[in-house]
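Reckoned from all heavy atoms, side chains included, excluding hydrogens, waters and symmetry mates. To find a chain, count down the sequence lines: A is the first, B the second, and so on, and within it residues start at 1.
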Number of protein chains: 2
Amino acid sequence: MTNKRKSHQETDRCQVRCIHADRVERARQTAALPDEVIRMAGIFGAIADPTRLKMLLALQNEPMCVCDLAAFLEISESAASHQLRRLKDRFLVKARREGQILYYSLDDDHVRHLLEIGLAHARE
Amino acid sequence: MTNKRKSHQETDRCQVRCIHADRVERARQTAALPDEVIRMAGIFGAIADPTRLKMLLALQNEPMCVCDLAAFLEISESAASHQLRRLKDRFLVKARREGQILYYSLDDDHVRHLLEIGLAHARE
DNA sequence: TAAATATATGAGTATATGTTCATATATTGA
DNA sequence: TCAATATATGAACATATACTCATATATTTA
């Protein structure tokens, strides 16, 4: 089934048909590392959920704590915490502790850029 | 259950607790429109899947047809077509027909930017 | 017009994911 | 140290989603 090695000839007619073997070959050669693809997908996936996206957009203004975000989004603090963990694992937000309170904020400018471009694209 | 109107006072202790009512209020005022959030989430969601992400990365080079992409990704053409539809619906790719063949390519520079920033963030 | 090729689509299925609920951990103040 | 507060986490469940299979549509060629 997995014939990764076998390079496809022009107008190949094996199980995996392909019209432009040269393009497929170039795509293979310039492909990102599997690890990078997984990490990238994880980053975009973290932003892809409406709840998490609203969190990120809110954090564009200023840091907020878990219960602020829960109140803003009208979800439980548990749900907010779960989502924040995912955002933190993917380095989209970071937390700064001040006593009992954890202030979440956007991790860096990459995140801001992604949000800006995403919004611009959504408004097209 | 839904008390959207009721603005929260400082150190509110109702069902939906929130420590910084002012921040929640500002978040509410600057919040993107529900429609925009949904569209944005859809865009990021379209990129979030490893298969679709690899498609987009491959299309950074040059246009490719369905069966090229299927061959590159080692998935069925049906699966490729399904994924391409989602990418097209979200305006991440566009298709140009040339006879029987549909050449897919990135829709615009927003998409390129998103991929670039995403990759940069993944490599950090 | 009929056959072949390229792509699209609907239904079904297995897996991923977001939420809630109950509970655990961490920090502060009495 | 004990109670209160803020956040985190594991399990369970409902929904979303990515794939396969079968079939439909569209374009070209015989």
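- Regarding A:Leu87, its CG atom lies at a distance of 10 Å from the P atom of C:dG18, rounded to whole Å.
- Side-chain atoms of B:Ile101 lie closest to C:dT7 of the nucleotides C:dT7, C:dT20, D:dT7.
- At C:dG18, one or more side-chain N or O atoms of A:Arg86 fall inside 4.0 Å of OP1 or OP2 (strictly under the cut-off).
- Between A:Arg39 and A:Asp35, at least one side-chain N (NZ, or NE/NH1/NH2) sits under 4.0 Å from a carboxylate O, which counts as a salt bridge.
- Distance, A:Asp49 CG to C:dT19 C1': 10 Å, rounded to whole Å.
- A distance below 6.0 Å separates the ring centres of A:His20 and B:Tyr103.
- The distance from atom CD1 of A:Ile38 to atom P of C:dA16 is 12 Å, rounded to the nearest whole Å.
- Counting to the nearest Å, the P atom of C:dT17 and the CG atom of A:Leu84 are 18 Å from each other.
- OP1 or OP2 of D:dA18 has not a single side-chain nitrogen or oxygen of B:Thr51 nearer than 4.0 Å.
- A side-chain donor-acceptor contact under 3.5 Å links A:Glu124 and B:His110.
- Salt-bridge check for A:Glu25 with A:Arg23: failed, with every basic side-chain N at 4.0 Å or more from each acidic carboxylate O.
- Put simply, the side chain of B:Ser78 and the base of C:dT7 share no donor and acceptor less than 3.5 Å apart.
- One can place OH of B:Tyr103 at 14 Å from P of C:dA8, the figure rounded to the nearest angstrom.
- Ranked by how close their nearest DNA chain C nucleotide is to the 5' end, A:Gln83 and B:Cys65 are led by B:Cys65.
- Here C:dT5 presents its C1' atom at 16 Å from CD of B:Glu98, a figure rounded to the nearest Å.
- Looking at the side chain of A:Arg52, the nearest of the listed nucleotides C:dG18, C:dG10, C:dT7 is C:dG18.
- Donor-acceptor pairing under 3.5 Å, judged by distance alone, is absent between the side chain of B:Gln100 and the base of D:dT28.
- One atom, NE2 of B:His20, and another, C1' of D:dA6, lie 12 Å apart when rounded to the nearest Å.
- Nucleic acid contact for B:Ser76: sugar-phosphate only, since backbone atoms but no base atoms lie under 4.0 Å from a heavy atom of the residue.
- Put simply, B:Arg97 has no side-chain N or O that comes within less than 4.0 Å of OP1 or OP2 on C:dA6.
- When atom types are taken as modelled, the side chain of B:Arg52 and the backbone of B:Gly45 share a donor-acceptor pair closer than 3.5 angstrom.
- By the 5.5 Å and 30° criteria, A:His82 is stacked with the base of D:dT9.
- Rounded to whole Å, the distance from CZ on A:Arg85 to P on C:dT19 is 14 Å.
- Backbone-only contact: A:Tyr104 has heavy atoms under 4.0 Å from sugar-phosphate atoms and none from a base.
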